[in-house]
Amino acid sequence: MRTSSLKACLVLVPLILAGVAQAQDALTIPFSPGPQGGYPEGIAWNADAGAFFVSSLRGGQIGLVSPSGQYTTFSDDPRLITTLGIVVDAERNRVLICNEDVGISSKSSDGTRTRVAQVVEFDLDTGAVRHVHDFSSLTSGPILANDLTIDRDGNIYVTDSFQPQIYKVDHATKAVSVLVRSERLMPADPTEAVGTKPYLNGIVYHPDGFLIASDYSRGLLWKVPLNDPEALEEVRLPQPLKGPDGLLLKSSTELVAVQSFPADDGSMAGDVTLLASADAWTSAQIEAVAIPDDLDGPTTATPRDGEVWVVNSRFPRIFADPANADRTTEFSIVKVRFE
């Protein structure tokens, strides 16, 4: 190698390393998934791939986003219409995702609109569909499988945003059922539940044997004991939350709630609230509120190496103008820092 070439390489090395460091320390990861991956509502970190799984309101496609913002398709299975909550179950080598049709997908149809509520199970390595867990036969009327969580035995729990109920998938038998249906989970005289104003939304499993679920429209949290689901109780909060969407259990006593709500100027605002409980989630207090720059319809969060990352779905745009939804091409994943 000539001396001039060697010097050029030596100059480039620190620049390359600086670029890598900047990518690793990035607070925002922009990405462009294409129309079938647009409006990513769910997010989950895949440690083996070193990338984020994201779902899609627009075309149902499941994608992987690298820390540098490169988007690749994990699955574009034709059964996927609109996908929302997503969970990586590394222990069982699977990816679980909620599939539904609220009328905003490029694949929406009169026959499926508000009548699809499924969890689709994929092989984590190959992307092949292992199983489709379908809840549509359990309830008449509009349904929407929004978010999901798993317990230590691999059982799946799913919120229905249009019905006052939580579903269960038994891991051993694959049987689907309604874990709990209660009038308390929806107002006695509810306004019509629509995609922008759902009721039950985010859900997490607590290792002490209960679920915590959010009510987006009323700003509530519910504690649901798995040994007696009918004994569900509202978590006492100092004030209602504003549009609580995705939930993330940061520790046994800390819960992250991603919130989206109308701003004073008519746009969509958002924040990420850290809640803490000292009484096993009978009650909770607000520990911190983070408002990262450029939040635009934030929906769900995932942990990555001890950090909290939130996906900016920009969902108000697709509900406001579905015909022109594909004009929005860029989305982002944002690191959340609690002060």
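Because only heavy atoms are used, hydrogens play no part in the values below, and waters and symmetry mates are left out as well, while side chains stay in.
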Are a donor atom and an acceptor atom from the side chains of [X] and [Y] found within less than 3.5 Å of each other?
X    : Y    : value
Q285 : S277 : no
D101 : T82  : no
T139 : Q165 : yes
N99  : T83  : no

Listed partners of [X] passing salt bridge (Lys or Arg N to Asp or Glu O under 4.0 Å), at least two apart:
X    : result
D77  : R79
D160 : none
R181 : none

Open item on the list: Below 30° counts as parallel, above 60° as perpendicular, anything between as tilted: where do the rings of F52 and W309 land?
Closed with: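 Taking W309 first and then F52, their aromatic rings sit tilted (interplane angle of 30° to 60°).
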Under 3.5 Å, sequence neighbours excluded: what are the donor-acceptor pairs made by side chains of residues 221-243?
from	atom 1	to	atom 2	distance (Å)
K223	NZ	A280	O	2.8

Results of side chain to side chain donor-acceptor pair (under 3.5 Å) for [X] - residues two or more places apart only:
X    : result
D134 : Q118, S136
T173 : D170
T73  : Q61
T114 : none

Are any of the side-chain heavy atoms of [X] and [Y] separated by less than 4.5 Å?
X    : Y    : value
K250 : V308 : yes
H171 : N155 : yes
V272 : F338 : yes
P292 : R337 : no
V95  : D89  : no
D48  : D125 : no
L274 : E254 : yes
L249 : P207 : yes

Could you give the distance from [atom1] ([X]) to [atom2] ([Y]), rounded to the nearest 0.5 Å?
X    : Y    : atom1 : atom2 : value
I333 : L27  : CD1   : CG    : 13.5 Å
N46  : R304 : CG    : CZ    : 12.0 Å
S161 : L144 : OG    : CG    : 5.0 Å
L247 : N201 : CG    : CG    : 8.0 Å
D123 : R130 : CG    : CZ    : 4.5 Å
L84  : E41  : CG    : CD    : 4.5 Å

Task: From CA spacing to verdict: side chain to side chain contact (heavy atoms under 4.5 Å, CB included), S66, F31 - done: CA-CA 9 Å; S66 73; F31 64 97; over 6 Å; no
If you group Ile, Leu, Val, Met, Phe, Trp and Tyr by side-chain heavy-atom gaps below 4.5 Å, do [X] and [Y] land in one group?
X    : Y    : value
I203 : L255 : no
V258 : I291 : no
Y205 : V180 : yes
Y216 : I318 : yes
I97  : Y71  : no

TODO: Go through the steps for W281 and D208 under the test side chain to side chain contact (heavy atoms under 4.5 Å, CB included), then give the verdict.
DONE: CA-CA 10 Å; W281 296 99; D208 287 344; over 6 Å; no
Open item on the list: Give me the atom names and distance for the closest heavy-atom approach of A90 to L124.
Closed with: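 In terms of heavy atoms, the two residues are closest at CA-CD2, 4.3 Å.
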Task: Nearest atoms (heavy-atom pairs only) where H206 meets S252 - done: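 Closest heavy-atom pair between H206 and S252: NE2-O, 2.8 Å.
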Task: Trace of the side chain to side chain contact (heavy atoms under 4.5 Å, CB included) decision for L200 with N146 - done: CA-CA 8 Å; L200 285 180; N146 192 316; over 6 Å; no
Task: Partners passing ring-ring contact (aromatic ring centres under 6.0 Å, His included) against Y157 (at least two apart in sequence or in another chain) - done: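 For Y157, no residue satisfies ring-ring contact (aromatic ring centres under 6.0 Å, His included) once neighbours in sequence are set aside.
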Open item on the list: Among residues at least two apart in sequence or on other chains, which ones pass ring-ring contact (aromatic ring centres under 6.0 Å, His included) with H131?
Closed with: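 H131 satisfies ring-ring contact (aromatic ring centres under 6.0 Å, His included) with H133 only.
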Open item on the list: Going by ring pair (Phe, Tyr, Trp, His ring centres under 6.0 Å), Y39 matches just one of F315, F331, F319. Which one?
Closed with: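 With Y39 as partner, ring pair (Phe, Tyr, Trp, His ring centres under 6.0 Å) holds for just one option, F331.
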Open item on the list: Quick test of your reading of the model: are R327 and D321 salt-bridged, counting only N-O distances below 4.0 Å?
Closed with: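 Not counted as a salt bridge, because no side-chain N and carboxylate O are separated by less than 4.0 Å.
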TODO: With salt bridge (Lys or Arg N to Asp or Glu O under 4.0 Å) as the test, would you mind laying out the steps for R58 and D326 before giving the verdict?
DONE: CA-CA 8 Å; R58 183 57 172 165; D326 296 338; 2.9 Å; yes
- [ ] Could I get the full list of side-chain contact (heavy atoms from CB on, under 4.5 Å) partners for D110, not counting sequence neighbours?
- [x]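 Expected list: R113.
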Task: Hydrophobic cluster of I156, others only, ordered by chain and residue number, side-chain cut-off 4.5 Å - done: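 Grouped by the 4.5 Å side-chain rule, V87, L96, V119, F135, L138, I143, L148, I150, V158, Y167, V169, V176, V178 form the rest of the cluster around I156.
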- [ ] Any chance you could lay out the side chain to side chain contact (heavy atoms under 4.5 Å, CB included) test for D245 and T300, step after step, and finish with the verdict?
- [x] CA-CA 7 Å; D245 194 322; T300 50; 4.2 Å; yes
